[in-house]
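Everything below concerns the one structure shown next.
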Amino acid sequence: MITIEKNPETKSAISAIMQSMFDQRNYLADILEYLEKPLTPGMERQVEGILKKYGMHGGSLALDERILTDNPYFRNISFDKVDFPTVKYSKDVIPKRTLMNTDFNRQLGKYLFHYHPVGYFNIDLAMPSLKEGNITWMSPAPSEIISMAEGIEKGSGKCLTMGLGIGFLPYMWLLKDSVESVTVIEHNKDVIDLFNKVIRPQFNTVKNLEIIHGDAYEYFNEEYLRGFDYAYIDFWESNEDGLDDYIRLMEKKVDLPHVDYWIEGSILSLVKQIVALYLITLYQGRSITDFITSLDDDNRRLARKANKFFKRRTDVISTEEELLHLIHDRNVLRDMLSVPVSM
Ligand SMILES: C[S@@+](CC[C@H](N)C(=O)[O-])C[C@H]1O[C@@H](n2cnc3c(N)ncnc32)[C@H](O)[C@@H]1O
């Protein structure tokens, strides 16, 4: 079993980690009542006060609408309301001054505090989207454009993605000279048919775009993935469903450097909370069994993975850096999630 030495450095690190988790919880409670609402000038000052209180930037909350209006997909691809049996395209207006998340969870500082950046536009914006029941699979919103920027940037040669959505990523890749072809795995035939009918004809490219109707899990194996220069896995809606899918993928133990996962850092922020609580329990000498049983099903699965993983290790943690490495390092977390546990 891993051991955390009790010394002044680990003591102060544990207390800073706990404080950052309290701060994050309080921040979320404070900001929640302003989200998705049009801000009055008074509310705006209150939001700015909240951001300042938790150590976030002092810049303006007003976003430059060019992040959308200069984006090639937003500019060139249009679709109005279309209904298919299981999915539909629709257009919702985001009223001006509505406070929204502009990215997924980001880490602030070196401990556990994570936050969604927020902002608003000064104009009403019509935002197209792909919906399946209550799920909004995709829209070219700031949070999507910002969170996919790295995947768009890294695409070159033969590219693969899992999850078609509205074809935003394929479109952005196909615009790049360095991208030769794009392959997409999509499990919903209606998503493909709708895309082929409405959006694909607007793609002005001679490059090969192949859409395969199939399940991502069937194609997620080393042999198939090695056939591409770059792969970006994106078949979840957001953090919570993403965590479930991400864990299933990690359990397949595919470890290839050219494969990335949409909002991986944000998904892992949920895992880090449980790893930190596990290590705090260990440090304080409290019962791991009681800790695990106190959690809900999803978190219990994470804690059981952490327990199995840390039980196999024999290292002694004596510094803050070593402790934070266990919590934040992507490879440590990926390894931990790959450990099988029965449900
Ligand atoms: C977030 S959207 C993808 C957005 C896309 N990257 C874009 O740029 O427009 C997720 C897509 O994954 C699809 N999907 C969900 N589960 C899947 C699975 N197991 N296999 C393949 N596709 C899946 C959904 O139908 C949806 O079209």
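Numbering of ligands and ligand atoms starts at 1, following listing order.
- Scanning the protein heavy atoms around atom 6 (N) of ligand 1, the nearest turns out to be Asp234 OD2, 2.7 Å.
- Residue contacts with ligand 1 include Met138, since one of its heavy atoms falls under 4.0 Å from the ligand.
- In the model, Ser266 has a side-chain atom that pairs as donor or acceptor with a side-chain atom of Asn239 under 3.5 Å.
- Not a single heavy atom of Thr161 lies less than 4.0 angstrom from ligand 1.
- When non-hydrogen atoms are compared, ligand 1 lies under 4.0 Å from the backbone of Leu164 (N, CA, C, O) but not from its side chain.
- Using a 4.5 Å heavy-atom cutoff, the side chains of Arg334 and Glu264 are in contact.
- Ligand 1 places these atoms under 4.0 Å from at least one heavy atom of Leu169: 7 (C), 8 (O).
- Remark: aromatic rings of Tyr120 and Tyr34 are distant, center separation not under 6.0 Å.
- At least one heavy atom of Trp236 sits closer than 4.0 Å to an atom of ligand 1.
- For the residue pair Asn7 / Thr10, a side-chain donor-acceptor distance below 3.5 Å is found, with atom types taken as modelled.
- For the pair Met148 and ligand 1, a heavy-atom separation below 4.0 Å is found.
- Nearest protein neighbour of atom 12 (O) of ligand 1, counting heavy atoms only, is Gly163 CA, 3.2 Å.
- At least one heavy atom of Glu186 sits closer than 4.0 Å to an atom of ligand 1.
- For the pair Ala216 and ligand 1, the shortest N or O to N or O distance falls below 3.5 Å.
- Looking at Ile166 and Tyr89, their side chains come closer than 4.5 Å, going by heavy atoms from C-beta outward.
- Looking only at distances, a side-chain donor or acceptor of Lys207 sits under 3.5 Å from a matching main-chain atom of Val179.
- Looking at Lys81 and Asp83, a side-chain N of the basic residue comes within less than 4.0 Å of a carboxylate O on the acidic one, giving a salt bridge.
- Protein heavy atom at the shortest distance from atom 19 (N) of ligand 1 is Asp215 OD1, 3.2 Å.
- In the vicinity of Ile166, heavy-atom distances shorter than 4.0 Å reach the ligand 1 atoms 9 (O).
- Any N or O atom pair closer than 3.5 Å counts here, and Tyr217 shares no such pair with ligand 1.
- Among all non-hydrogen protein atoms, the one lying nearest atom 2 (S) of ligand 1 is Trp137 O, 3.5 Å.
- With hydrogens and angles disregarded, no donor-acceptor distance shorter than 3.5 Å links the side chain of Asp260 to the backbone of Gly151.
- Relative orientation of the Phe113 and Tyr27 rings is tilted, given thresholds of 30° and 60° on the angle between their planes.
- Counting the atoms of ligand 1 from 1 in the order shown, those under 4.0 Å from a heavy atom of Phe168 are 7 (C), 8 (O), 9 (O).
- Between Tyr115 and Tyr54, the ring center distance fails the sub-6.0 Å criterion.
- In terms of protein heavy-atom proximity, atom 22 (N) of ligand 1 is closest to His187 N, 3.2 Å.
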